[in-house]
Amino acid sequence: MANKSGVSWYTTGYATVPVPFPEGRTVCAHCPYITRRYGIRFECQLTGEQLLYPDSARGDQCPVVFPEEA
């Protein structure tokens, strides 16, 4: 009998959460899920994407959808 340790598989679920942006400024810099990694890089906490231009754009992997974009 082999010694089994660790997780053998995961079940993935999905959640939809509201993400507030102030006064229509819908770029990463104003998202509550932006963080600084190692004090120098910006990163999305939802996707793990490194954000090159958080002040002027949203990341390529941004999961946030606005009603007018749907």
Side-chain angles (χ1 to χ4, degrees):
M1 179 181 241
N3 182 14
K4 185 175 179 180
S5 62
V7 177
S8 59
W9 58 279
Y10 289 91
T11 299
T12 302
Y14 296 90
T16 301
V17 297
V19 181
F21 288 85
E23 301 175 345
R25 290 180 257 171
T26 59
V27 295
C28 292
H30 299 287
C31 180
Y33 294 101
I34 190 172
T35 190
R36 274 201 186 265
R37 181 66 76 185
Y38 309 114
I40 56 172
R41 291 188 302 222
F42 289 101
E43 185 176 291
C44 176
Q45 292 178 322
L46 297 174
T47 65
E49 179 182 5
Q50 290 183 20
L51 305 167
L52 301 177
Y53 306 104
D55 292 319
S56 61
R58 290 199 316 266
D60 292 334
Q61 299 172 21
C62 180
V64 178
V65 176
F66 296 93
E68 63 272 8
E69 295 176 351

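Residues satisfying the salt bridge (charged side-chain N to carboxylate O under 4.0 Å, His left out) criterion with R36, sequence neighbours excluded, are absent altogether. In this structure, the side-chain hydrogen bond (donor to acceptor under 3.5 Å, both in side chains) partners of R37, at least two apart in sequence or on a different chain, are E43. Every residue two or more places apart in sequence or in another chain that forms a side-chain contact (heavy atoms from CB on, under 4.5 Å) with E49 is listed here: T47, L51, D60, Q61.
Residue pairs satisfying the salt bridge (Lys or Arg N to Asp or Glu O under 4.0 Å) criterion with at least one member in residues 17-32, sequence neighbours excluded, are listed as follows: E23-R25. Listed by first and then second residue, the ring-ring contact (aromatic ring centres under 6.0 Å, His included) pairs involving residues 28-64 amount to none (not counting sequence neighbours).
Nearest heavy-atom pair across V27 and S56 is CG1-C, 3.6 Å.
Between Q45 atom CD and C31 atom SG the span is 8.5 Å, to the nearest 0.5 Å.
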| said: The test is side chain to side chain contact (heavy atoms under 4.5 Å, CB included); show your working for R58 and T26 and say whether it passes. | reply: CA-CA 7 Å; R58 290 199 316 266; T26 59; 3.6 Å; yes
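Note on I34: it does not cluster hydrophobically with F66, by side-chain heavy-atom contacts below 4.5 Å among ILVMFWY residues.
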Please list every donor-acceptor pair under 3.5 Å in which a side-chain atom of residues 9-21 meets a protein atom from a residue at least two apart or in another chain.
none

